[in-house]
Undergrad: 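Starting off with a structure, shown below.
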Amino acid sequence: MSSAFDDSVFHLDTALDATGDAHIRITGDLDWDSADELTEAARALLRADPAPRRLRLDCARLTLCDSLGLASLLMVHRASAEAGIPLQLDNRPAPLRRLLDMTGTAFLFDDATGSGVSGEAGAAPPPAPPGRT
């Protein structure tokens, strides 16, 4: 039996680090079957006492994000904004970057500096969404 984690199975790992950042590492497909799980995990972290300084979603092991996965990310964004806690998407795989760009939602997940890199070394900032200048 192998001890390697199977990336095809959806799984969330949550943690709070010494700086007060809450982390959720997403593994597998973020879709119809798993979107609610991410939304609820994020909401639970945002309600923690004390509240986290920032919520970081590590997407390095994300294998797919469909429309319901995107809806979940948008709900997490809304919940973090309402709580006044910055949200950051780290290590975005290329398919996720394309989905965010195509839907005009990438700007919602840029890091606090507005650089758009959020753990993506060398990535160019995304274009402004339609109607925003």
Side-chain angles (χ1 to χ4, degrees):
M1 179 180 269
S2 172
S3 63
F5 203 84
D6 183 357
D7 280 349
S8 66
V9 175
F10 182 79
H11 183 74
L12 298 176
D13 290 306
T14 61
L16 187 63
D17 69 21
T19 68
D21 284 0
H23 297 263
I24 300 177
R25 183 173 62 179
I26 306 167
T27 300
D29 295 351
L30 184 57
D31 59 12
W32 171 266
D33 294 324
S34 57
D36 287 341
E37 189 175 340
L38 173 62
T39 305
E40 289 308 312
R43 286 180 177 155
L45 287 171
L46 292 169
R47 288 189 304 259
D49 187 20
R53 183 176 70 96
R54 174 176 34 210
L55 177 59
R56 300 181 73 159
L57 305 183
D58 182 353
C59 302
R61 296 176 80 174
L62 179 69
T63 52
L64 176 133
C65 183
D66 71 3
S67 60
L68 283 170
L70 176 60
S72 176
L73 292 173
L74 294 171
M75 285 187 274
V76 170
H77 176 270
R78 178 181 293 159
S80 67
E82 288 172 354
I85 298 170
L87 172 65
Q88 188 168 328
L89 294 185
D90 296 326
N91 305 309
R92 301 174 202 179
L96 178 59
R97 287 194 310 266
R98 280 192 300 276
L99 176 64
L100 296 174
D101 287 343
M102 286 180 4
T103 58
T105 58
F107 75 99
L108 295 172
F109 302 103
D110 287 346
D111 66 357
T113 66
S115 69
V117 295
S118 298
E120 305 164 86
R132 289 185 164 250
T133 54

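Here the structure is a predicted model, which means the values were calculated and not measured.
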Undergrad: Which residues, ordered by chain and number, are linked to Trp32 in its hydrophobic cluster, where ILVMFWY side chains connect at heavy-atom gaps below 4.5 Å, directly or through other members?
TA: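 For the cluster that includes Trp32, the remaining residues are Leu68.
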Undergrad: Once side chain to side chain donor-acceptor pair (under 3.5 Å) is applied, what residue pairs with a partner in residues 66-79 remain, sequence neighbours excluded?
TA: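 For residues 66-79, and leaving out neighbouring residues, the side chain to side chain donor-acceptor pair (under 3.5 Å) pairs sorted by first residue read Thr39-Ser72.
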Undergrad: Can you find a heavy atom in the side chain of Asp33 that is under 4.5 Å from one in the side chain of Phe10?
TA: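 They are not in contact (no side-chain heavy atoms under 4.5 Å apart), so the answer is no.
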Undergrad: Identify, with sequence neighbours excluded, every residue that meets salt bridge (Lys or Arg N to Asp or Glu O under 4.0 Å) alongside Arg98.
TA: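 Result, salt bridge (Lys or Arg N to Asp or Glu O under 4.0 Å) vs Arg98: none returned.
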Undergrad: Between Leu64 and Asp31, is any pair of side-chain heavy atoms under 4.5 Å apart?
TA: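 Leu64 reaches Asp31 side chain to side chain.
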Undergrad: Please say which of Thr14, Asp13, Asp90 ends up in a side-chain hydrogen bond (donor to acceptor under 3.5 Å, both in side chains) with Arg25.
TA: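 Among Thr14, Asp13, Asp90, the one meeting side-chain hydrogen bond (donor to acceptor under 3.5 Å, both in side chains) with Arg25 is Asp13.
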Undergrad: Would you please name every residue forming a side-chain contact (heavy atoms from CB on, under 4.5 Å) with Ala60, sequence neighbours left out?
TA: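 side-chain contact (heavy atoms from CB on, under 4.5 Å) check on Ala60 returns Asp58, Asn91.
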Undergrad: Tell me, do Pro93 and Cys59 make a side-chain contact under 4.5 Å, heavy atoms counted?
TA: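 Yes; the side chains approach each other to less than 4.5 Å.
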Undergrad: Between Leu12 and Ala41, which heavy-atom pair has the shortest distance, and what is it?
TA: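 It is CD1-CB, 3.8 Å.
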Undergrad: Quick one: salt bridge (Lys or Arg N to Asp or Glu O under 4.0 Å) partners of Asp21, sequence neighbours excluded?
TA: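 Asp21 satisfies salt bridge (Lys or Arg N to Asp or Glu O under 4.0 Å) with Arg53, Arg54, Arg56 once adjacent residues are dropped.
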Undergrad: Rounded to the nearest 0.5 Å, how far does CD1 of Ile26 lie from OG of Ser34?
TA: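 Output value for this atom pair is 9.0 Å.
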Undergrad: Using a 3.5 Å distance criterion without hydrogens, assess whether the side chain of Thr27 forms a donor-acceptor pair with backbone atoms of Val9.
TA: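 Judged by distance alone, no pair lies under 3.5 Å.
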Undergrad: Does anything in residues 40-51 pair up under salt bridge (charged side-chain N to carboxylate O under 4.0 Å, His left out), and if so which pairs, sequence neighbours excluded?
TA: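 Every salt bridge (charged side-chain N to carboxylate O under 4.0 Å, His left out) pair that includes a residue of residues 40-51, provided the two are not neighbours, is Glu40-Arg43.
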Undergrad: State, with a plain yes or no, whether a side-chain heavy atom of Leu73 is found less than 4.5 Å away from one of Leu38.
TA: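 Sidechains of Leu38 and Leu73: in contact.
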Undergrad: Linking I/L/V/M/F/W/Y whenever their side-chain heavy atoms sit closer than 4.5 Å, directly or via other members, would Leu99 and Phe107 fall into one cluster?
TA: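 Yes.
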Undergrad: Could you list the residues that satisfy side-chain contact (heavy atoms from CB on, under 4.5 Å) with Ala22, not counting sequence neighbours?
TA: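 By the side-chain contact (heavy atoms from CB on, under 4.5 Å) rule, Ala22 matches Leu16, Leu45, Pro52, Leu55.
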Undergrad: When clusters are formed by joining ILVMFWY residues with side-chain heavy atoms under 4.5 Å apart, either directly or through shared neighbours, do Leu108 and Leu30 land in the same one?
TA: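 Both belong to a single hydrophobic cluster.
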Undergrad: Let me see the working for Thr105 and Leu74 under side chain to side chain contact (heavy atoms under 4.5 Å, CB included), right down to the final yes or no.
TA: CA-CA 9 Å; Thr105 58; Leu74 294 171; 4.1 Å; yes
Undergrad: What closest approach, in Å, do Ala51 and Ile85 show between heavy atoms, and which atom pair accounts for it?
TA: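 Closest approach of Ala51 to Ile85: CB-CD1, 4.0 Å.
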Undergrad: If hydrophobic clusters are built from ILVMFWY residues whose side chains come within less than 4.5 Å, do Leu62 and Met75 share one?
TA: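 Shared cluster, no.
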Undergrad: Considering the options Leu96, Asp29, Leu100, which one meets the side-chain contact (heavy atoms from CB on, under 4.5 Å) requirement together with Cys65?
TA: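 Answer to the side-chain contact (heavy atoms from CB on, under 4.5 Å) test with Cys65 among Leu96, Asp29, Leu100: Leu96.
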Undergrad: Can you sort out the partners of Asp17 under side chain to side chain donor-acceptor pair (under 3.5 Å), two or more places apart, ordered by chain and number?
TA: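 Asp17 satisfies side chain to side chain donor-acceptor pair (under 3.5 Å) with Thr19, His23 only.
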Undergrad: Are any non-hydrogen side-chain atoms of Gln88 and Leu57 less than 4.5 angstrom apart?
TA: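 They are not in side-chain contact.
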Undergrad: How many angstroms lie between atom CE of Met102 and atom CZ of Arg97, to the nearest 0.5 angstrom?
TA: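 The distance works out to 14.0 Å.
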